[in-house]
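Have a look at the structure below before the remarks.
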Amino acid sequence: MILLILLFNASVVLAAFGSAFGVYSYYAKDLPDPRAIETEQEDFETTKIYDRTGDVLLYEVFDPRLGDRQYMTLDQIPQYCIDATVALEDKTFWENPGFDPEGIARAFWQNLQGGTIQGGSSITQQLIKNIIIDPEERIQRSYARKFKEVILATEITRRYEKPQILEWYLNTNHYGNLAYGIQAAAQVYFQKQVSDLDVAECAMLTPIPQYPLLNPIDRPEEAKNRQKLTLEAMVRDGYITQDEAN
């Protein structure tokens with residue numbers, strides 16, 4: 001009897017493994033190359049034209065479809081902006097395998113209740129959607145796209161260090177008003193270098209990529225409310241105190 005139970009349990013495990021492997025194989029066969037995430041950074045920046053001394057900026061030339069872009073390394077970005085991003089977007093970012101299993105399970109349950117595909121995307125998944133996933137597929141809400149994001153997120157997390165992934169993410173987000181990357185956002189909304197942003201300004205910029213139209217220029221009241229949510233998340237995760245948030 002015990003042998004039969006053990007054999008039955010083993011068969012269930014093998015069947016589950018086979019099903020999971022089948023799903024993985026089905027979606028993995030047509031995935032884009034994860035190394036494309038590196039090559040996409042090469043032509044990222046806006047073209048800048050200086051005078052003969054190299055000190056005076058004369059013109060900036062950028063594709064209006066792509067917006068203003070200036071790449072910044074992670075050590076040039078304030079810790080407040082890094083902490084705000086992790087707290088709001090992916091609180092398990094530093095430890096997870098590229099996706100948040102709990103977040104995906106929670107989103108899947110909500111989807112079952114409401115019938116829509118939403119939520120559960122980690123920072124790494126969002127980076128993949130912004131850069132690697134085909135533009136036409138990005139706007140689709142489907143389980144197929146989610147499966148692809150999870151597989152790619154796992155592979156990218158295996159290949160690259162977390163700080164590098166976060167650096168790419170902060171540089172490729174769309175912050176509204178033709179600002180791509182947090183440096184362009186700092187200049188558009190606060191006329192500052194990103195390195196000069198304080199905690200309030202970082203908390204104002206962080207939620208914009210979720211809904212780029214809800215920014216301080218176009219929707220100041222909504223932007224202020226979302227800033228408050230970001231500060232609350234930073235307090236929850238111990239990045240700042242309640243007094244600092246106030």
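- Residues meeting the side chain to side chain contact (heavy atoms under 4.5 Å, CB included) test with Asp83, sequence neighbours left out: Gln79, Met234, Tyr239.
- Atom CD1 of Ile128 is separated from atom CG of Leu152 by 5.0 Å, given to the nearest 0.5 angstrom.
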Before giving the answer on side chain to side chain donor-acceptor pair (under 3.5 Å), spell out for Lys162 and Thr124 the whole-Å C-alpha distance, their side-chain angles and the decisive distance to 0.1 Å.
-> CA-CA 9 Å; Lys162 289 284 189 172; Thr124 311; 4.7 Å; no
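- Ring geometry for Tyr160 against Trp168 counts as perpendicular: the plane angle is over 60°, on a 0 to 90° scale with 30° as the lower cut.
- In terms of modelled atom types and a separation under 3.5 Å, the side chain of Glu244 and the main chain of Thr241 share a donor-acceptor contact.
- Side-chain contact between Ile132 and Glu149 is absent, with no heavy atoms from C-beta onward closer than 4.5 Å.
- Contact annotation: the side chain of Thr85 never approaches that of Phe93 to less than 4.5 Å [non-hydrogen atoms, C-beta and beyond].
- Remark: side-chain polar atoms of Thr230 are not paired, donor with acceptor, to backbone N or O of Ala84 under 3.5 angstrom.
- Rounded to the nearest 0.5 Å, atoms CZ (Arg226) and CG (Leu231) are 13.0 Å apart.
- Not a single donor-acceptor pair under 3.5 Å links the side chain of Asn173 to the backbone N or O of Tyr175.
- At least one donor-acceptor pair closer than 3.5 Å links the side chain of Asn96 to the backbone N or O of Thr92.
- A donor-acceptor pair is defined here as one N or O able to donate and one able to accept, closer than 3.5 Å; such a pair exists between the side chain of Gln183 and the backbone of Val194.
- Gln125 places a side-chain N or O within 3.5 Å of a backbone atom of Ser122 that can act as its donor or acceptor partner.
- Legend: residues meeting side-chain hydrogen bond (donor to acceptor under 3.5 Å, both in side chains) with Asp237, ordered by chain and number and at least two apart, are absent.
- Taking the side chain to side chain contact (heavy atoms under 4.5 Å, CB included) definition, one finds that Asn225 meets it with nothing, sequence neighbours left out.
- For Val235 against Ala245, the heavy-atom pair with the smallest separation is CG2-CB, 3.6 Å.
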Side chain to side chain donor-acceptor pair (under 3.5 Å) between Tyr80 and Glu201, intermediate numbers included | CA-CA 9 Å; Tyr80 282 133; Glu201 292 160 341; over 6 Å; no
Worked check of side chain to side chain donor-acceptor pair (under 3.5 Å) between Gln227 and Lys224 = CA-CA 5 Å; Gln227 177 198 46; Lys224 189 68 177 175; 3.0 Å; yes
How far apart are the C-alpha atoms of Tyr169 and Asn130, what are their side-chain angles, what is the distance that settles it, and do they pass the side chain to side chain donor-acceptor pair (under 3.5 Å) test?
-> CA-CA 9 Å; Tyr169 175 79; Asn130 289 344; over 6 Å; no
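- Contact record, Cys81 with Leu197: SG-CD1, 3.9 Å, taken as the closest heavy-atom pair.
- Between the side chain of Asn171 and the backbone N or O of Met72 there is at least one donor-acceptor pair closer than 3.5 Å.
- Shortest non-hydrogen contact noted between Ile208 and Pro216 is CD1-CD, 3.7 Å.
- Asp90 places no side-chain N or O within 3.5 Å of a backbone atom of Val86 that could act as its donor or acceptor partner.
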